[in-house]
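Taking it in order: structure first as structure tokens, then the write-up.
In what follows, chains are A, B, ... by sequence order, proteins preceding strands, each numbered from 1.
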2 protein chains.
Amino acid sequence: MRGMPNESSRKPRSDALHNRRRILDSAQAAFLESGIEVSMTRIARRAGIGIATLYRHFPDRESLVNEVFRGKLDTCLARLYEAAADPDPWRGFRAFIEDLCVMQVTDRGFNEVFRAAFVGGVIFDEQRIQAENTFAELARRAKAAGRLRADFVRDDLTLVIMANSGISADTEEDAVAASRRLAAYLIRAFEAAPDHRALPPVPRLGPHPVLR
Amino acid sequence: MRGMPNESSRKPRSDALHNRRRILDSAQAAFLESGIEVSMTRIARRAGIGIATLYRHFPDRESLVNEVFRGKLDTCLARLYEAAADPDPWRGFRAFIEDLCVMQVTDRGFNEVFRAAFVGGVIFDEQRIQAENTFAELARRAKAAGRLRADFVRDDLTLVIMANSGISADTEEDAVAASRRLAAYLIRAFEAAPDHRALPPVPRLGPHPVLR
DNA sequence: ATCGAAACGGAGGGGGAACTCCGGTTGAGG
DNA sequence: CCTCAACCGGAGTTCCCCCTCCGTTTCGAT
């Protein structure tokens, strides 16, 4: 509820609620098209409200970004838990990576936020840790089933996210196609096989600056 | 020679030559650190010259970018021809992708320019076509040798470039490590094997906006 | 040493973005 | 219906960027 002006007990006015909704919708659309760096003025204009009203509801860009993507991040985590619940861990593993890539590539803002959240770990922290543990457990099961190569590590998911974040194309359709093909290649590479050669060493992937 | 003020016959002044060199060096460093969008003012300050002098030598950002990366792009093409000359096409294929990834990940500006050049094909056009043909021939030989999967297509190289362009890390060392690991995974996925499943369809990858 | 063309660099116009101030407006409880 | 806190929105401030104009300085040929 950060950014909401009324501090204590009092139901917010209906026009304020209406404007808040319009801001969130416009911001969502603007972020999707142009990324989270889109100017606040553009968001306000798109919503048909004044710039001051936007800032009253969300004191800075970060709080707006947070509110917009909280929901989408939740559905993303839901996909992970769904995949982790699959009795066939390798099928779950593949499904998660495929879904993730599509979600990332169809929303430029989400791509940036998700990348920041997972690679940098600056925002949405508690959810991220839980998600990492769930993913690690899924990977462990897939390894135990002999389908995922044993030297797959947690940071390889970060690698997937970073690689997929580089995909783009003119139309959403083409971007999805490109992302699917990349995901298919990567999944193929992750699959256990008798002729494995050693992989290059695991990189140390620290925080990455996307927001500020 | 675009951007050089003296239109016809006359040897340039020594101070002009000196400043030109300083501009190119500073721009190279600035692009490497901050990407090609870095402000012209910063480049000029770094070179210790006035902003007007910068603009006199290079009338717009594009001509400066062109001049800075012409050399690096040439060495990149040299790597390709070297790889194409390898009697073992699969070894050449792998070496080229590995080298390419490292070059891309160690210079942010080059990453952006190279991505634009290869994905969009807007700049450095004639070189790009020749490079594409050379790469296609290398891939053909690698397929004929039974080492590269038959359904590998030209646009898969674009996929590699885009994926690798998403890699980043705190230190150059870590970025290289991450890039190496990604490249190893992709090469593994490209390798021919008896148990191939069909890949998702090839995406149509059109021009991509990086420079303006 | 002279002198003109060439090169230099700072000041400034124009634009856009982030964020704030404040006078006018409106919704909802009494 | 009245009132007033809550809300609205535009104008204004500051900052940084691109790029140009123009008075000053410097090179180098004579």
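With distances taken from any side-chain atom of B:His57 to the nucleotides D:dC7, C:dC8, C:dT20, the minimum falls on C:dC8. Comparing C:dC8, D:dC18, D:dG9 by their closest approach to the side chain of B:Asn19 singles out C:dC8. In the set D:dA11, C:dG9, D:dC17, the nucleotide with an atom closest to the side chain of A:Ile51 is D:dA11. Distances from the side chain of B:Lys11 to the nucleotides C:dA7, D:dA29, D:dC8 place D:dA29 closest.
Here D:dG9 presents its P atom at 14 Å from CZ of A:Arg45, a figure rounded to the nearest Å. B:Arg20 places its CZ atom 14 Å from the C1' atom of C:dA7, with the value rounded to the nearest Å. When the C1' atom of C:dA17 is taken as reference, atom CG of A:Asp60 falls 15 Å away, rounded to whole Å. Straight-line distance from the CD atom of A:Glu62 to the P atom of C:dC19: 11 Å, rounded to whole Å. If you take CD1 of A:Ile43 and C1' of D:dG9, they are 17 Å apart, rounded to a whole angstrom. When rounded to the nearest whole Å, the span between CG of A:Leu17 and P of D:dA6 equals 15 Å. For A:Leu54 and D:dC7, the CG to C1' distance is 14 Å, given to the nearest whole Å. The nearest whole Å value for the distance from the CZ atom in B:Phe58 to the C1' atom in D:dC18 is 17 Å.
Where A:Ala52 and B:Ile49 each meet DNA chain C at their nearest nucleotide, the meeting point lying more 5' is that of B:Ile49. Between B:Tyr55 and B:Asp15, the residue anchored closer to the 5' end of DNA chain D is B:Tyr55, taking for each the nucleotide with the nearest heavy atom.
The side chain of A:Ser14 contributes no N or O atom lying less than 4.0 Å from OP1 or OP2 of C:dG27. The phosphate of D:dC16 (OP1 or OP2) has no side-chain N or O of B:Thr41 nearer than 4.0 angstrom. Between B:His18 and D:dC27, a side-chain N or O to OP1/OP2 separation shorter than 4.0 Å is absent.
Distance alone, capped at 3.5 Å, is enough to place a donor-acceptor pair between the B:Lys143 side chain and the B:Phe152 backbone.
Between the side chains of B:Ser63 and B:Asn66, no donor N or O sits under 3.5 Å from an acceptor N or O.
On a pure distance criterion of 3.5 Å, no polar donor-acceptor pair joins the side chain of B:Arg13 and the base of C:dA7. Looking at B:Arg56, its side chain comes within 3.5 Å of the base of C:dG9 through a donor and an acceptor atom.
Side-chain contact between B:Met162 and B:Arg115 is present, with at least one heavy-atom pair separated by less than 4.5 Å. Using a 4.5 Å heavy-atom cutoff, the side chains of A:Gln130 and A:Tyr81 are in contact.
Using cut-offs of 30° and 60° for the angle between ring planes, the B:Phe96 and B:Phe135 rings count as tilted.
Residue-level contact check: B:Ser39 touches the backbone only, with heavy atoms under 4.0 Å from sugar-phosphate atoms and none from bases.
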